[in-house]
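This report concerns only the one structure given below.
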Amino acid sequence: GLKPGGVEGTYFQPFDVSRGRKFDKEKASLEISGVSIELKAGDNWTPFPFSAIADVEGPLAFAGYGIENPDGGYNDYDGFDAAGKVLLVFRYEPRKVEGENRTTPEASRNAHFERKASLAASKGAKGLIVVNPPGRSPSDELYTFAGGNETYDIPCVHVKREIAAAMLAAAGLPALEELEDKLETDRKPLSRDLGLTVKIAPGVTKNSIHTRNVIGWLEGDGSTDEVIVVGAHYDHLGVSKRMFSGTGSEEIHNGADDNASGRSEERRVGKEC
């Protein structure tokens with residue numbers, strides 16, 4: 001018995017909504033002068049979902065862990081000019097050294113991707129390339145592209161160690177393992193230009209979804225000009241990974257469970273390391 005409340009006499013109100021980011025491998029590219037290894041998006045390198053949506057080109061430089069923490073006795077930017085450059089940095093932060101035993105402490109803010117990206121941008125850097133330090137784990141997994149709407153200041157990509165090793169070899173620098181060891185032991189900056197040029201097209205785009213509301217209209221008796229709006233939703237996200245489930249399964253986000261179940265849960269955004 002409801003009359004159509006949508007457009008052109010229908011029950012529907014169509015609109016577009018921004019839903020995170022997409023990784024378009026066809027639009028993604030990474031080019032490094034002097035490096036002959038095949039660079040394949042989604043295979044041995046990937047953009048971070050929070051990367052700035054922009055292509056970048058510039059001279060390549062190594063900048064340690066990309067951290068500035070003078071009070072902690074560590075500063076990769078000490079005496080180093082990052083302006084106009086794309087920086088290759090280690091993921092995480094230097095570990096504590098106690099004799100010959102190294103422990104991995106709880107990560108500080110210096111290890112956060114956001115912190116590294118914003119610091120690099122404040123130093124005038126044009127882009128950030130992150131690599132897993134060999135001493136942390138034998139595995140060399142790339143960051144999983146699952147994207148929210150957050151955007152950092154500069155393009156940011158994650159490369160496997162084979163790519164970073166090829167960069168360092170082409171520039172005549174020591175291996176990743178040696179650089180990691182010296183940074184953690186000596187706590188002195190090793191930042192320097194590599195004499196290479198890099199071009200990055202992250203291939204990250206905004207994900208726009210065409211959807212629609214369903215609107216029905218029930219007329220009153222005319223005794224008031226007030227309108228009562230009753231809202232409900234069956235699903236507002238589509239089939240995707242449940243935000244709070246922790247199972248990684250893809251399913252419908254049923255409206256009753258989404259915001260009418262009386263439950264409150266916290267989640268931690270996993271972009272800190």
Side-chain angles (χ1 to χ4, degrees), residues 1-29 41-42 46-55 112-115 117-118 121 141-158 200-273:
L2 300 179
K3 295 181 178 180
V7 300
E8 298 179 352
T10 71
Y11 288 97
F12 301 117
Q13 178 196 40
F15 62 99
D16 293 323
V17 62
S18 177
R19 174 67 178 144
R21 305 288 194 83
K22 291 191 299 185
F23 174 26
D24 189 340
K25 294 182 181 179
E26 299 301 319
K27 295 182 179 179
S29 67
T46 186
F48 287 106
F50 42 78
S51 170
I53 302 177
D55 296 352
H112 295 193
F113 289 128
E114 181 180 19
R115 178 87 167 191
S118 62
E141 299 297 321
L142 293 175
Y143 192 88
T144 301
F145 191 97
N149 292 303
E150 194 171 11
T151 302
Y152 291 175
D153 298 309
I154 52 179
C156 305
V157 302
H158 192 196
I200 304 172
V204 179
T205 61
K206 292 182 179 179
N207 187 28
S208 182
I209 300 174
H210 188 68
T211 185
R212 60 187 181 179
N213 287 325
V214 179
I215 305 176
W217 172 261
L218 179 63
E219 291 186 349
D221 61 10
S223 60
T224 176
D225 60 0
E226 293 181 326
V227 176
I228 297 175
V229 178
V230 180
H233 68 273
Y234 169 63
D235 165 63
H236 71 298
L237 295 175
V239 178
S240 61
K241 292 182 179 180
R242 286 302 296 266
M243 190 174 293
F244 303 116
S245 70
T247 65
S249 62
E250 293 195 351
E251 54 190 280
I252 286 286
H253 293 62
N254 292 308
D257 182 58
D258 178 56
N259 59 6
S261 64
R263 297 182 60 194
S264 175
E265 301 184 46
E266 295 182 0
R267 69 188 181 100
R268 184 178 178 182
V269 179
K271 299 191 183 73
E272 55 269 2
C273 300

Quiz item: Is there side-chain contact between Phe145 and Arg21, with at least one heavy-atom pair below 4.5 Å?
Solution: yes

Exercise. May I ask you to test the Val214-Phe12 pair for a side-chain heavy-atom distance under 4.5 Å?
Key: yes

Set of residues satisfying side-chain contact (heavy atoms from CB on, under 4.5 Å) with respect to [X], sequence neighbours excluded:
X: Val227; answer: Trp217, Val229
X: Lys25; answer: Phe23
X: Asp16; answer: Ser208, His210
X: Thr211; answer: Phe15, Val17

Practice problem: Look up atom OG1 in Thr46 and atom CD in Glu141, then write down how far apart they are to the nearest 0.5 Å. | Solution: 12.0 Å

Residues two or more places apart in sequence or in another chain: which of them pass side chain to side chain donor-acceptor pair (under 3.5 Å) with [X]?
X: Lys3; answer: Glu219
X: Asn213; answer: Gln13
X: Ser223; answer: Asp221

Quiz item: Which of parallel (below 30°), tilted (30 to 60°) and perpendicular (above 60°) describes Phe48 and Phe113?
Solution: tilted

Might you point out which heavy atoms bring [X] and [Y] nearest each other, and give the distance in Å?
X: Ala52; Y: Pro155; value: CB-N, 3.6 Å
X: Val7; Y: Pro14; value: CG2-CD, 3.8 Å
X: Ile154; Y: Ala121; value: CG2-CB, 3.9 Å
X: Lys206; Y: Lys22; value: O-CE, 4.1 Å
X: Pro47; Y: Pro202; value: CG-O, 3.2 Å
X: Ser51; Y: Cys156; value: OG-N, 3.0 Å

Practice problem: Please check if the side chain of Tyr11 supplies one atom and the backbone of Leu2 the other of a donor-acceptor pair under 3.5 Å. | Solution: yes

Quiz item: Is the side chain of Thr10 donor-acceptor paired with the backbone N or O of Gly6 at a distance under 3.5 Å, no angle test?
Solution: no

